[in-house]
Amino acid sequence: MSTDEFRAKALAWLQQNAKPFDDNEPSSGGATIEESKAFQKGLWEAGLAGITWPKEYGGQGLGTAEQLAFNEVAANFRMPVGPFVIGLGMPAPVLLEFGTEAQKKRHIEPMLKGDEIWSQLFSEPSGGSDVASLQTSATKVEDGWLINGQKVWTSGAQFSDFGAVLVRTDPTRPKHQGITMFIVDLHHPGVTVRPLVVATGDAPFNEVFFDDVHVPDDAVIGEVNNGWSVAVAMLRYERVTIGTGVRARANPLGYDALVELVRARGLDGDASVRRTLAQVYAKESAMRSYSAVLHQEAKAGVPIGARGSAAKLAGATFPLWVSDLVQDIFGEELALQNADTLPLTRSILAAPGGATAGGSNEIQRNIIAERVLGLPKDAGVDKNIPFNQLKLSK
Amino acid sequence: MSTDEFRAKALAWLQQNAKPFDDNEPSSGGATIEESKAFQKGLWEAGLAGITWPKEYGGQGLGTAEQLAFNEVAANFRMPVGPFVIGLGMPAPVLLEFGTEAQKKRHIEPMLKGDEIWSQLFSEPSGGSDVASLQTSATKVEDGWLINGQKVWTSGAQFSDFGAVLVRTDPTRPKHQGITMFIVDLHHPGVTVRPLVVATGDAPFNEVFFDDVHVPDDAVIGEVNNGWSVAVAMLRYERVTIGTGVRARANPLGYDALVELVRARGLDGDASVRRTLAQVYAKESAMRSYSAVLHQEAKAGVPIGARGSAAKLAGATFPLWVSDLVQDIFGEELALQNADTLPLTRSILAAPGGATAGGSNEIQRNIIAERVLGLPKDAGVDKNIPFNQLKLSK
Amino acid sequence: MTLIDTADQRDLASSVKRFVSGQAPMSAVRETIKSDAAYDPQVWRRLAQELGLAGLAIPEQYGGAGASWSDLVVALRELGAGLVPSPLLATSVLATGTLLALDDEEARAAWLPRFAEGTAVGALAVSEGTGREWALADSAVTVSDGAVTGTKTAVLNADDADVLLVTTSAGIVLVERDAPGLTITPVDALDLTRGIATVTFDGTPGRVLAGDAAAALESVIDLANLALAAEQAAATKACLDMTTEYAKIRYSFGQPIGIYQGVKHPLANIYTDWALTDAAVRKASESLAEGSETASLDAAVARHLASSGYIEAAKQTMLLHGGIGFTWEHDAHLYYRNAITGNVLLGGPTAQQDRIAATLGV
Amino acid sequence: MTLIDTADQRDLASSVKRFVSGQAPMSAVRETIKSDAAYDPQVWRRLAQELGLAGLAIPEQYGGAGASWSDLVVALRELGAGLVPSPLLATSVLATGTLLALDDEEARAAWLPRFAEGTAVGALAVSEGTGREWALADSAVTVSDGAVTGTKTAVLNADDADVLLVTTSAGIVLVERDAPGLTITPVDALDLTRGIATVTFDGTPGRVLAGDAAAALESVIDLANLALAAEQAAATKACLDMTTEYAKIRYSFGQPIGIYQGVKHPLANIYTDWALTDAAVRKASESLAEGSETASLDAAVARHLASSGYIEAAKQTMLLHGGIGFTWEHDAHLYYRNAITGNVLLGGPTAQQDRIAATLGV
């Protein structure tokens with residue numbers, strides 16, 4: 001099948017099975033988990049899931065050309081695949097890269113078919129930007145390991161079947177060297193998932209508690225005490241996922257949404273409001289152009305390196321900046337939260353969380369300074385000290 | 001004599017010998033060095049110089065009350081004492097604190113009488129904020145020391161008779177422990193003073209070169225290799241001098257000057273220009289209020305500590321901020337530098353220098369964070385390493 | 001002009017601070033947030049009666065303590081730092097300030113003593129939407145034969161008020177709580193610590209108060225600016241202190257995050273802006289208390305700086321706390337919500353700048 | 001739309017870069033600054049002839065290379081990074097763009113070939129002061145019986161021009177250098193690398209050019225925005241590179257200052273803003289070259305971001321270099337002067353924002 005034929009096949013299937021994309025609705029279209037599972041299964045059955053993945057594990061064994069063709073076509077449809085984005089974006093490619101034959105055989109196809117939903121469990125309350133300081137532990141027992149501790153900021157844990165969980169297996173080694181990644185059955189009775197309510201009042205994440213959760217020896221992804229390099233690989237996939245994800249829902253702090261509200265209030269005659277909107281448009285437009293530059297460079301084989309951090313930083317600071325500007329424009333109305341301004345205030349409150357997720361602004365600035373500009377690295381006092389001698393947050 | 005009598009005496013002398021203060025002229029009134037010397041001599045002869053200093057060295061032996069009374073009265077007059085501000089503000093009190101009896105007898109009275117002008121020579125090209133990394137050296141010779149090296153950012157060196165010069169006398173010790181302060185005769189043939197042209201095109205400072213400049217053993221202020229503590233004392237006096245100096249000339253980037261230009265151009269009908277001016281006024285007014293708060297607290301015995309750094313930081317960032325705003329207001333005219341806008345563009349170009357002098361913004365932020373907020377100190381890798389093993393700027 | 005607290009003010013500040021930490025700590029504030037009430041009536045009773053804050057700036061002849069506005073500002077600072085919900089601003093600043101600035105002895109005699117003893121809550125209904133926060137001559141609320149008709153927005157503590165002072169095109173009108181045709185609808189406020197409502201009048205009986213309404217409103221604007229600025233400056237400092245303490249105990253890469261200049265420098269900037277703002281609030285407080293001719297200017301300057309500085313401090317508080325600062329359970333968002341609300345209520349950022357420019361005569 | 005340089009553009013960029021470092025390095029720029037001339041005629045001759053930049057975007061029928069504006073932008077970037085004084089912007093962008101956008105074959109045939117070979121300099125005289133940088137219909141420069149009267153400000157390279165294109169209330173007028181009643185007065189420009197003059201016409205003979213002047217000027221505004229933005233973005237990167245290198249070799253407290261987050265983070269911010277701006281310039285360049293309907297919008301966006309980003313980068317370059325960055329001998333102030341000038345010339349910051357809003361139809 002030529003790429004064009006593949007594209008036509010994808011288009012035909014999507015036209016039959018998916019709704020056209022609508023900027024004004026969430027891309028998931030509010031689908032239930034069951035609906036999402038059915039959609040994913042349909043995708044796989046149509047040969048449209050795991051396009052570039054090996055056939056032996058349930059993939060289609062096709063090339064990048066087909067993947068790009070699919071992405072192009074799919075951008076115009078509402079894809080209720082939210083529950084699978086993490087699993088297929090991060091744990092699955094990591095399993096393909098580091099997993100045992102048995103692990104790949106066991107998990108990849110069920111993930112592609114929508115039968116298994118996966119989460120990624122790295123972050124801990126005391127860790128923050130310093131993921132490698134994680135304290136959740138796995139203690140060796142006769143027939144495997146016992147996991148105890150807490151993870152946080154876990155998306156989708158409430159409906160996930162498995163998690164890729166990063167834990168400390170040897171606290172006497174320096175912090176990066178005593179970490180292991182496990183496959184954990186999240187239905188284990190020792191696992192408690194609790195929704196995490198954030199500043200907006202929503203609960204988009206979970207806290208996950210592990211209380212003597214037993215995992216067998218063959219649940220290790222990669223090698224024992226070599227989990228950090230597996231985690232680094234997974235975070236690399238995370239960046240790709242974030243960077244090339246499905247078109248986001250129209251941003252209430254973006255130009256399009258703001259200009260509509262401004263017009264509805266007749267504020268577009270005010271010169272300073274118009275100038276503010278111009279500034280918002282300019283920055284947003286430049287972010288789009290920069291993203292296009294990076295994509296074109298990647299396609300042309302120019303390494304992107306750490307420059308994605310500049311896109312992340314710009315994307316994180318944009319809503320924080322617009323948050324101030326909208327107060328000048330909408331004034332009192334923002335304090336009262338009517339149907340019009342609720343999306344705005346929700347986005348304002350969510351912006352600091354968005355800036356923190358995936359690495360704080362400070363971390364991004366360090367990455368840009370060190371890896372793009374080549375400035376010397378932060379002193380890094382903790383690299384070679386045994387973990388159990390390190391100072392940690394309480 | 002009561003404080004009121006002293007105030008009356010000061011007022012009478014100033015009314016006879018000084019012109020009233022005028023915001024629109026430099027406080028020195030463009031006096032020549034000779035005129036300044038004559039004025040200073042007159043002040044001393046009238047019993048108005050060295051008010052709180054011991055009589056035995058030429059001071060008046062009076063109290064703080066008299067000093068404050070004089071300051072109050074003098075604020076309304078133009079005082080052509082510019083050439084003496086540094087000498088009397090920094091080296092003189094340091095000599096009184098650390099000098100030998102002979103040094104005090106030799107220098108204090110001539111300084112008070114305007115017969116000796118002094119400079120302070122600490123900064124070096126490679127040092128910057130890190131003054132203690134100075135490289136100008138003094139080598140022990142039989143009858144004293146030979147000084148070689150370069151100082152920079154020296155005010156008034158071109159008309160100074162003496163300098164308080166900080167040099168390295170033992171490079172094998174950690175950097176703060178091998179420094180000595182000397183009294184150096186700036187008329188020595190090995191001393192070369194070269195004006196330093198800055199970004200504005202003016203030359204308000206000098207570079208001073210030392211080429212085998214011999215100083216006798218009794219030119220040491222304090223003890224050999226203990227010069228850093230003397231320097232710290234002098235820098236403390238510097239802050240006092242800066243903080244309580246004579247009222248500055250109207251700032252071209254300040255509200256008063258800007259509103260005049262705006263009105264002359266009929267721009268005061270523009271809402272965004274008016275708002276910009278409002279913001280400038282607000283910040284400037286708050287800086288004045290903060291300065292008043294600190295003065296009132298000092299008077300009430302509340303320690304100011306490092307909070308002066310907040311005033312310094314605000315004062316340094318203010319013109320940098322206004323520099324952007326005036327471009328919005330005056331547009332093209334700023335590029336053309338007519339008589340009206342020349343003071344503006346000069347101030348814009350001078351603002352980064354003003355921010356750097358007396359410690360960069362970064363240093364002030366560190367001081368505020370560490371000494372006011374109590375955050376942990378920067379790692380400080382160089383405290384205990386012999387100076388000649390330290391990495392230095394080329 | 002004395003910009004530092006007097007001994008009496010320091011004592012007052014300590015009493016209120018002690019009260020806040022003992023009787024209205026953040027855990028109690030969260031209880032109030034969870035409840036339907038805008039504030040805890042017990043806390044208000046004690047603030048009003050035990051600490052005497054409700055009547056602090058009310059003249060003795062009306063049962064108050066006859067202290068100056070600058071004393072009340074000291075109390076507002078401490079309550080603002082703790083985000084303590086109370087009708088103090090609505091009653092003892094806005095409503096009291098309005099009655100004192102007008103010239104209606106009957107209204108003063110009827111209400112100020114009850115305000116002073118904390119047995120009545122007053123509200124000032126001025127706003128008619130963004131850009132019309134201080135509507136008066138151009139108000140769309142009209143009075144005809146003693147009947148008020150129209151709508152007011154963003155009225156602080158309206159739902160708790162026993163009496164409403166309403167700006168109308170006919171002047172300032174007094175409406176009592178039980179008047180017919182009065183509808184008070186609490187709104188879903190961004191700020192969880194303030195009670196805010198929309199108030200509609202439909203032929204509601206009201207009495208136009210005697211006195212120069214425009215002049216009175218001018219002085220109430222100054223009071224509102226000063227009071228909000230005082231609360232905001234103190235809340236800014238609370239955010240700074242909270243974040244500074246966190247930066248000392250939170251470790252990242254083996255060191256407390258407060259050792260990194262990426263954390264130090266934003267905190268130093270917030271400190272510096274706060275220090276200037278605090279000084280501006282002190283200046284405005286004294287100006288108002290002394291009746292200085294720069295009182296309006298100083299109050300608007302204080303409010304402008306306090307509003308914008310608090311927004312930045314609260315935002316950085318969320319950011320520098322990392323993930324934890326984004327959780328509902330952390331107090332950072334309560335401050336951020338309060339900061340945004342204070343920024344846009346009773347005259348937003350551009351309104352303050354316009355007022356500064358106007359008072360400067362630019 | 002291709003936002004990354006083509007192979008040809010990369011070659012052109014390297015040639016110009018090599019030329020700048022070899023023939024017009026900062027030491028040579030400083031010599032030019034010291035001289036009375038606005039640029040080094042030798043450098044200009046070689047840029048124009050050897051590198052072929054003067055005629056790059058001029059159609060082949062007029063002796064040019066017939067390349068696109070996006071190619072010229074590549075060259076402007078490299079010259080902008082080195083602050084190389086030259087009349088390229090005045091002649092090959094502003095004057096050439098004006099002639100190409102009008103419809104006056106006589107003028108095109110007379111001047112474009114000379115521009116292309118670098119033997120004539122053209123200048124566009126448009127501004128009549130702040131806020132009136134693109135005066136045309138409302139111009140105070142008038143034409144009566146073929147005689148031009150009035151004054152133009154901030155004319156780039158007017159003193160070097162062989163021909164001036166002048167916007168007047170009667171359209172765009174061509175005035176030759178030797179015309180009587182023409183007075184060109186070089187001004188004391190903040191930017192030491194640009195020749196700027198005031199031009200007065202006192203009954204000066206001039207010919208109104210054929211074509212839609214208003215439409216032509218619109219497209220010249222876009223070209224000016226794009227060209228300035230390209231220079232500014234490249235100069236921003238030059239400032240960033242200079243400061244980054246310095247941060248690696250300058251030691252303070254025993255470490256290179258680039259290890260401190262207080263230095264790292266501002267540089268990372270500048271990098272990020274530059275990366276976005278550079279992308280915006282690329283977008284605008286392609287839009288203009290392709291005649292996209294968003295060309296005006298994209299050009300104004302690029303200029304708005306480039307102007308403000310360069311100001312910040314140049315200012316930080318002075319600041320982060322500490323004392324040395326404040327000396328005359330250091331190049332930082334040359335960039336800062338250039339940044340401020342580029343920000344306010346040919347439409348200042350608010351004008352760009354207004355243009356963005358207008359093209360967006362807000």
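Since this is a predicted model, take the numbers as computed values, not measurements. Below, chains carry the letters A, B, ... as their sequence lines are ordered, and counting in each starts from 1. Computed from heavy atoms alone, side chains included, the values below leave out hydrogens, waters and symmetry copies.
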Can you tell me which portion of A:Ala311 sits under 4.5 Å from chain D's heavy atoms? Options are side chain, backbone, both or neither.
neither
Can you tell if the side chain of A:Phe330 reaches within under 4.5 Å of the side chain of A:Leu258, non-hydrogen atoms only?
yes
Going through the checks in order, is the side-chain contact (heavy atoms from CB on, under 4.5 Å) test met by D:Glu231 and D:Leu89?
CA-CA 10 Å; D:Glu231 289 186 358; D:Leu89 176 63; 4.1 Å; yes
I'd like to know whether A:Leu375 forms a side-chain contact (heavy atoms from CB on, under 4.5 Å) with D:Tyr260, so could you lay out the CA-CA distance, the side-chain angles of the two residues, the decisive distance to 0.1 Å, and finally the verdict.
CA-CA 9 Å; A:Leu375 290 168; D:Tyr260 300 110; over 6 Å; no
So, A:Gln67 and A:Asn71: side-chain donor and acceptor under 3.5 Å apart, yes or no?
yes
At a 4.5 Å cut-off on heavy atoms, which part of A:Val273 comes close to chain D: side chain, backbone, both, or neither?
neither
Tightest non-hydrogen contact, residues A:Asn361 and A:Ala316, listed as OD1-CB, 3.4 Å
Check: D:Trp134 and D:Leu217 side chains under 4.5 Å, non-hydrogen atoms
yes
Tell me whether D:Lys248 is salt-bridged to D:Glu245, with the criterion being a basic N under 4.0 Å from an acidic carboxylate O.
yes
D:Glu218 side chain vs D:Ala214 backbone, donor-acceptor pair below 3.5 Å
no
Heavy-atom side-chain contact between D:Asp5 and D:Arg282 under 4.5 Å:
yes
Quick check on the structure: residues of residues 283-297 of chain D within a heavy-atom distance below 4.5 Å of chain A, by number.
D:Lys283, D:Leu297
Between D:Tyr310 and D:Tyr335 (side chain of the first, backbone of the second, donor and acceptor by atom type, cut-off under 3.5 Å), is there such a pair?
yes
If you tally heavy-atom pairs under 4.5 Å between each of A:Lys377, A:Arg365, A:Gln364 and chain D, the highest tally belongs to A:Arg365
Would you mind checking which part of D:Ser308 comes under 4.5 Å of any heavy atom in chain A, side chain (CB onward), backbone (N, CA, C, O), both or neither?
neither
Any side-chain heavy atom of D:Arg132 within less than 4.5 Å of one from D:Val126?
no
Side chain proximity check, D:Cys239 to D:Gln316, heavy atoms < 4.5 angstrom
no
Among A:Thr317, A:Leu373, A:Val293, residue most engaged with chain D (heavy-atom pairs, under 4.5 Å):
A:Leu373
With side chains defined as the heavy atoms from C-beta onward, is the minimum distance between A:Phe122 and A:Leu235 less than 4.5 Å?
yes
Chain D contact via A:Arg288 - which portion, at a heavy-atom distance below 4.5 Å:
neither
Which of D:Gly258, D:Pro349, D:Pro266, D:Ala302 touches chain A most, by non-hydrogen pairs under 4.5 Å
D:Gly258
Taking a cut-off of under 4.5 angstrom between non-hydrogen atoms, the residues of residues 269-277 of chain D near chain A are D:Asn269, D:Tyr271, D:Thr272, D:Asp273, D:Ala275, D:Leu276
Heavy atoms under 4.5 Å from chain D: which residues of residues 276-284 of chain A carry them?
A:Leu277, A:Ala278, A:Gln279, A:Tyr281, A:Ala282, A:Lys283
Indicate whether the side chain of A:Thr341 and that of A:Asn338 have a donor and an acceptor atom separated by less than 3.5 Å.
yes
Test side-chain contact (heavy atoms from CB on, under 4.5 Å) on D:His330 and D:Met242; report intermediate values, then the result.
CA-CA 11 Å; D:His330 196 276; D:Met242 189 195 318; 3.7 Å; yes
Give a yes or no answer on whether the side chain of A:Arg371 reaches the backbone of A:Ser309 with a donor-acceptor pair at less than 3.5 Å.
no
For chain D, find which of A:Ala271, A:Ser289, A:Ala292, A:Ala369 contributes the most heavy-atom pairs closer than 4.5 angstrom.
A:Ser289
Tell me, side chain or backbone of A:Val259 under 4.5 Å from chain D's heavy atoms, or both, or neither?
side chain
Would you check if the side chain of A:Arg265 reaches a backbone N or O of A:Leu261 as a donor-acceptor pair within less than 3.5 Å?
yes
Is the backbone N or O of D:Thr317 less than 3.5 Å from a side-chain atom of D:His321, with the two atoms forming a donor-acceptor pair by type?
yes
At a heavy-atom separation under 4.5 Å, does D:His265 approach chain A through its side chain, its backbone, both, or neither?
both
Tell me if a side-chain donor or acceptor on A:Asp324 pairs with a main-chain N or O of A:Trp321 at a distance below 3.5 Å.
no
If you check every heavy atom in residues 352-362 of chain D against those of chain A, which residues fall under 4.5 Å?
D:Gln353, D:Asp354, D:Ile356, D:Ala357, D:Ala358, D:Leu360, D:Gly361, D:Val362
Look at the side chain of A:Thr345 and the backbone N and O of A:Leu342, then say whether any donor-acceptor pair between them is shorter than 3.5 Å.
yes
Do any N or O atoms from the side chain of A:Glu66 and from the backbone of A:Gly63 form a donor-acceptor pair under 3.5 angstrom?
yes
Side chain from CB out, backbone as N, CA, C, O: work out which of these in D:Ile4 comes under 4.5 Å of a heavy atom of chain A, or both, or neither.
both
Under a 4.5 Å cutoff for heavy-atom pairs, which residue among A:Ala314, A:Ala286, A:Ala300 has the most contacts with chain D?
A:Ala286
Going by heavy atoms in the side chains, are D:Glu133 and D:Leu345 under 4.5 Å from each other?
no
